[in-house]
Amino acid sequence: MTVAKTEQLTSLKQAAGTNKPRGLWSDAWRRLKKNRMALLGAAWILFMAFIAIFAPVLAPHDPDVAAMDALPYTPPFWSDQSDPRYILGTDTAARDELSRLLYGARVSMLVGFVPVTIITLLGVSVGILSGWLGGRWDNLIMRLVDVIYAFPALLFFIILQVAFRDRWIGQLLGGLVLLFGALAIFAWVDMARLVRGQVLSLKEKEFVEAARAVGTPTRRILWRHILPNSLAPIIVSIAFGVPSAILAEATLSFIGLGVQAPTASWGSMVDDSFGAIQSTPEFVLMPAILIALIMLAFTFLGDGVRDALDPQMSK
Amino acid sequence: MASFLIRRTLWIIPVLWLVATLTFFLMQMTPGSPFDAKGEKIPESLRASFNAKYGLDRPLFQQYLNYLGNAVQFDWGVSYQESDRPVSDFFKERAPVSFRLGVYAFLVAIVVGIPLGVLAALRQNTWVDYLSLFLATAAYTIPSFVLGIFALALFAVKIEIFPVLWNDDFKSYILPSLILGLGSAAFIARLTRASILEIVRQDYIRTARAKGLTKQAITVRHVFRAGLIPIVTILGPLLAALVTGTLIIEQVFGVPGIGTLYLESIIARDYPLIMATTLIYAFAVAIGNLLVDIAYGFVDPRVKAA
């Protein structure tokens, strides 16, 4: 507490000295920059994003095609029987492990960011609408939200995958489109609840009343006053929404109900080699370690973002 | 409070109904028939007789009503795969395994989580605190199946202390229970730490110290008693986490429990078994969520109004 106070004081002094305005955002940015774990997480995420984008350039082989000149489970470079053309060896179907790992980053990044974009757009719109309109509409929307909220998400993902994965929609982009949809159908609810709560408290504030009194159109009030003031919790929610989507994909792919074969995802790679864990555990461990690292990176960044935007919440 | 409890409990009914309905129609939309064994299609005439036998030739809506009616009476019917074995039979065989796993995991969560949290709080801002916080974050963040794979590779493949395959003895339960309980233990540790740190700052603790009580006496008599109350509030999420957690953990360790049964039945398209397992899972998750809301209702009275 006292630390926070002195920090506030020094920041006030600095601000007075330089005459530079210090808003919520520049303060948050300054706090985030001091959080070493969060920066480390961000660096790892950027690195993975880079790999995801340039996977076709970086990958030495086609990730989905079996090598004609190598056996399945050719060991990685640290073994005596390794093959220099396949640095990390080959998997159960003699596909290049390194290329599959690189392409797997693509799936994780896409699954992390695409559904979250849908979730944010949908959740924020519904939340603003529900909170602003109030009354009967609010009630109706919130009851729907309650039902979806109480739904066992993992079960639904599984059933949805089974029902649609052999249809055309389940085949799009190696099953990714179906995954995006399944993940988004559920998670927008959290965002909607959060934004509605924000709007409910914001619309009673004086500055909104003032805006209304001078005849500002509703659209402008929502866009210029309500939305910017709810942005901080929305960003925190996004920061935690991304890893939970990545986790869901990895889990589903691990039980064989995620991406379609032969698409490489870290979860499906664990599944592919899992049967051989006793003889060649390294092929299970490589994708598993990448899953663990990306989850840790997002959590550290998320914690950092939350602490930076809401110093009261951190202890 | 009473009306909130009743309202919240009744809310489970529409949720379960929706789960049942969605599952029913989504399974109907699945291409193929439950009688196509392992990808091979069976002759049309045989399929027709199977359909007639299990009532699958009736109009869809009638099947749906039948199913809902039976579900309300807890009549789950017979499995399609194993020569008409009753679904309840499967549960009698599989549920005790999952239940035992869940109870062990629960014990792990409590026995590991609370001491870790207390230790971190009492040694706040020392390396003990930072290390336990880091471990808790890692255990909570890394997916349970990944942790399970690490454990399996280390303790069953590298050093062969535990079996890789399920043996149905106590030794087989150890790794899955540990991994399943670890995420919840991390959660409990974080909560315990925060709660104890808050208590330590209270005035009555200062009073206790001022009147000369020993540090141990204060810690045991005042801090623990008040600091451990919030732990009760996480029993709900703990239950929900353990229930859905078993589904995945059973896959990693080859545990023949409800989770494995669920995935087997989905792959075999054994409708009666799928319906029953889905509803049981949904019920367990709903009870978990109910406990969460009730706990929050006690802690934060504003929840009731929402």
Side-chain angles (χ1 to χ4, degrees), chain A residues 1 37 142-143 146-156 158-167 170 193 197 243 246-248 250-252 254-257 266-267 270-271 273-274 277-282 284-285 287-300 302-303 315, chain B residues 11-12 14-16 18-19 22-23 25-32 134 137-138 140-150 152-154 156-158 164-165 193-194 197-198 201 240 243-244 247-248 251-252 262-263 266-267 269 274 277-278 281-286 288-290 293 306:
Chain A
M1 199 59 217
M37 290 313 262
M142 281 305 122
R143 290 293 82 80
D146 279 344
V147 175
I148 299 181
Y149 193 75
F151 220 79
L154 185 66
L155 290 187
F156 181 74
I158 291 173
I159 293 169
L160 210 63
Q161 288 289 330
V162 173
F164 290 107
R165 57 192 274 117
D166 293 331
R167 292 164 180 271
R193 266 192 170 181
I246 293 178
L247 168 66
T251 307
L252 282 173
F254 168 64
I255 57 175
L257 292 173
W266 295 334
V270 171
D271 183 35
S273 323
F274 190 61
I277 190 168
Q278 272 175 289
S279 50
T280 50
E282 58 269 29
V284 183
L285 287 175
I289 288 169
L290 286 177
I291 297 172
L293 286 178
I294 196 79
M295 291 300 295
L296 281 174
F298 271 109
T299 304
F300 285 134
D303 281 346
K315 284 220 179 97
Chain B
W11 196 235
I12 290 183
V15 169
L16 285 183
L18 200 72
V19 169
L22 268 177
T23 311
F25 286 103
L26 280 172
M27 287 320 295
Q28 294 294 332
M29 288 174 77
T30 312
F134 179 81
T137 310
Y140 194 63
T141 306
I142 299 175
S144 61
F145 80 91
V146 172
L147 286 177
I149 281 163
F150 291 162
L152 210 55
L154 196 62
V157 178
K158 187 94 182 153
V164 176
L165 298 174
R193 176 180 178 272
L197 284 180
E198 195 164 326
R201 292 197 198 102
V243 168
T244 42
L247 220 161
I248 304 302
Q251 293 305 300
V252 177
Y262 179 62
L263 287 178
I266 275 199
I267 287 161
R269 234 155 268 158
I274 296 171
T277 26
T278 308
Y281 262 119
F283 185 70
V285 173
N289 284 335
L290 175 69
D293 280 10

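Protein chains get the first letters and strands the later ones, always in sequence-line order, with residue 1 at the start of each.
Interface remark: B:Leu22 contributes side-chain atoms only to the contact with chain A (heavy atom separation under 4.5 Å). B:Val164 touches chain A through its side chain: at least one heavy atom from C-beta onward sits under 4.5 Å away, while N, CA, C and O do not. For B:Tyr262, the part lying near chain A is the side chain, with the backbone staying farther off; criterion is any non-hydrogen pair under 4.5 Å. The contact between B:Phe145 and chain A is made entirely by side chain atoms (from C-beta outward), counting heavy-atom distances below 4.5 Å. Residue A:Ile294: no heavy atom, backbone or side chain, is found under 4.5 Å from chain B. When heavy atoms are compared at a cutoff of 4.5 Å, B:Phe283 does not approach chain A at all. With a 4.5 angstrom heavy-atom cutoff, A:Met142 does not touch chain B via any of its atoms. Within the 4.5 angstrom heavy-atom criterion, only side-chain atoms of B:Leu263, from C-beta onward, approach chain A. Of the two parts of B:Pro143, the backbone and the side chain both hold a non-hydrogen atom closer than 4.5 Å to a non-hydrogen atom of chain A.
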May I have the step-by-step check of side chain to side chain contact (heavy atoms under 4.5 Å, CB included) for A:Leu154 and B:Ile248, ending in yes or no? CA-CA 10 Å; A:Leu154 185 66; B:Ile248 304 302; 4.3 Å; yes
Walk me through whether B:Thr137 and A:Phe300 qualify under side chain to side chain contact (heavy atoms under 4.5 Å, CB included). CA-CA 9 Å; B:Thr137 310; A:Phe300 285 134; 4.0 Å; yes
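Within 6.0 Å of atom OH in B:Tyr140, 12 or fewer heavy atoms from other residues, nucleotides or ligands are found, so the atom counts as exposed in its surroundings. Atom CZ of B:Phe134 has 12 or fewer neighbouring heavy atoms from other residues, nucleotides or ligands inside a 6.0 Å radius.
Ranking A:Ile255, A:Asp303, A:Leu247 against chain B, the residue ahead of the rest is A:Ile255, based on heavy-atom pairs under 4.5 Å. Considering only heavy-atom pairs separated by less than 4.5 Å from chain A, the leading option among B:Thr141, B:Leu247, B:Ile142 is B:Thr141.
You'll find the side chain of B:Leu26 reaches within 4.5 Å of the side chain of A:Phe156, heavy atoms only. For the pair B:Leu152/A:Val284, no side-chain contact is recorded, criterion being any heavy-atom separation below 4.5 Å from C-beta on.
B:Gln251 and A:Phe274 make their closest contact through O-CE2, 4.0 Å (heavy atoms, listed as atom of the first residue, atom of the second, distance). Considering all non-hydrogen atoms of both residues, A:Gln278 and B:Val157 come closest at O-CG1, 3.6 Å.
In this structure, the separation between CD1 on A:Ile158 and OG1 on B:Thr278 is 9.0 Å, given to the nearest 0.5 Å.
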